[in-house]
Amino acid sequence: MVAVWRCTAILLCICLLCGFRMQPKKDRYFYESRGDIVWEVPLHEKKIALTFDDGPYPKTTNEILDLLKQYNAKATFFVVGHRVKEFPDTIKREIAEGHEVANHTYNHVFLTKGTTASTIQKEIMQTEDSLVELTGKRPHLFRPPGGFYNERMIQISHKLGYTTVLWSWHQDTDDWRSPGVNHIVRKVLKNARNGDIVLLHDYIPGNGHTVQALRVILPELTKRGYKLVTVTELMEDKTNEMMRTDKAG
């Protein structure tokens, strides 16, 4: 037994001397704890962030903006760069009405492990350049298409000054699949929690399910006392809560 323990100790020493270390499991907890990715922002206040991907798409986006305005709700739009070029007036309206515009790559490319660093950087920067040219404002939130993320993508987006934002796992509406209005409504309302980030889409040509669902979701969340805000407001509120807790302690 002593000999076994000695052999084990020697092997551990060799591993340490050779530079081997136990690598942490790079799961959601790993990236969330480091602040690399935001999935949701748990709060004491009743606030939820609705997010819309893949636009702008004037027909659908403008209908969504009309509804948001009706209920005094704000949202975050993760926009695709080449559509910014196609539909600049829609982007201008989003900003004029107090919504947040964020980066969703230029060509809606899935940034998988095989994607080169130059492609990742180009996709992010082209959209940033388009938005800065149009609005004079630089976005600071980034959402990778399809929710695909990896170490390379995270490092590059961080280097470029972005916070990577995904969505609450219980608030993926799957609206892009055209699952039906009732499915989208149930998904959001049944699972609503303080600090949720809800995934929706405003670019779904030929499908009005998301807009129809919002006609139910918005008044119901308002009735329940939720305030609909941007992702940045959620993050700022969390910071303020933590500061108040630290002072109280």
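Computed from a predicted model, the values in this text were never measured in an experiment. Heavy-atom basis, side chains included; hydrogens, waters and symmetry copies ignored.
Under the 4.5 Å side-chain criterion, counting only non-hydrogen atoms from C-beta, His209 is not in contact with Val185. With a 4.5 Å cut-off on side-chain heavy atoms, Glu133 and Lys85 count as touching. Between Asp36 and Thr164 the shortest side-chain heavy-atom distance does not fall below 4.5 Å. Side-chain contact check for Asp196 versus His170: some heavy-atom pair is nearer than 4.5 Å. The shortest side-chain heavy-atom distance between Ile37 and Tyr149 falls under the 4.5 Å cut-off. Side-chain atoms of Glu94 and Val79, non-hydrogen and from C-beta on, do get closer than 4.5 Å to each other. For the pair His104/Thr127, no side-chain contact is recorded, criterion being any heavy-atom separation below 4.5 Å from C-beta on. By the 4.5 Å heavy-atom criterion applied to side chains, Asn103 and Tyr162 are counted as neighbours.
Distance check: Leu50 CG to Ile64 CD1 gives 9.5 Å after rounding to the nearest 0.5 Å. Once rounded to the nearest 0.5 Å, the distance linking CG of Asp54 with OG1 of Thr105 reads 8.5 Å. Distance CG/Asn194 to CG/Leu234: 10.0 Å, rounded to 0.5 Å. The CZ atom of Arg193 sits 7.0 Å away from atom CD of Glu40, with the distance rounded to the nearest 0.5 Å. In this structure, the separation between CD on Glu63 and CG on Leu65 is 10.5 Å, given to the nearest 0.5 Å. Atoms CG and CD, on Leu228 and Glu233 in that order, are 10.5 Å from each other to the nearest 0.5 Å.
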Report, one line per pair, each donor and acceptor closer than 3.5 Å where one atom sits in a side chain of residues 70-77; sequence neighbours left out.
residue : atom : partner : partner atom : Å
Lys74   : NZ   : Glu97   : O            : 2.8
Thr76   : OG1  : Glu100  : OE1          : 2.8
Thr76   : OG1  : Val231  : N            : 3.0

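With side-chain heavy atoms closer than 4.5 Å counting as contact, directly or through intermediates, the hydrophobic cluster containing Tyr203 also holds Tyr57.
Ion pair Glu32/Lys26 not flagged as a salt bridge, since none of the NZ, NE, NH1 or NH2 atoms sits closer than 4.0 Å to an Asp/Glu carboxylate oxygen. Note on Arg93 versus Asp66: salt bridge recorded, some NZ/NE/NH1/NH2 to OD/OE distance being below 4.0 Å. Taking the charged nitrogens against the carboxylate oxygens, Glu45 and Lys227 have no contact shorter than 4.0 Å, which rules out a salt bridge.
When the side chains of ILVMFWY residues are joined at heavy-atom separations under 4.5 Å, either directly or via intervening members, Tyr226 and Leu200 end up in a single hydrophobic cluster.
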Any chance you could lay out the side-chain hydrogen bond (donor to acceptor under 3.5 Å, both in side chains) test for Tyr31 and Glu151, step after step, and finish with the verdict? CA-CA 9 Å; Tyr31 289 114; Glu151 191 72 21; 2.8 Å; yes

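The closest side-chain donor-acceptor pair between Thr60 and Asp202, if any, does not fall under 3.5 angstrom. For the residue pair Asn191 and Gln171, no side-chain donor N or O sits within less than 3.5 Å of a side-chain acceptor on the partner. Using a 3.5 Å distance cut-off with no hydrogens or angles, the side chains of Ser130 and His82 do not pair a donor with an acceptor.
A side chain to side chain donor-acceptor pair (under 3.5 Å) with His201 is found for one member of Thr51, Asn207, Asp175 and no other, namely Asp175.
The number of heavy atoms from other shown groups lying within 6.0 Å of NZ (Lys59) does not exceed 12. At most 12 heavy atoms of other shown residues, nucleotides or ligands fall within 6.0 angstrom of atom NE2 in His158. Other residues, nucleotides and ligands place no more than 12 heavy atoms under 6.0 Å from the NE2 atom of His44.
Side chain of Thr163 to backbone of Leu141: no donor-acceptor contact under 3.5 angstrom is found.
Within the cation-pi definition used here (under 6.0 Å to the ring centroid, within 45° of the axis), Arg34 does not qualify as a partner of Tyr29.
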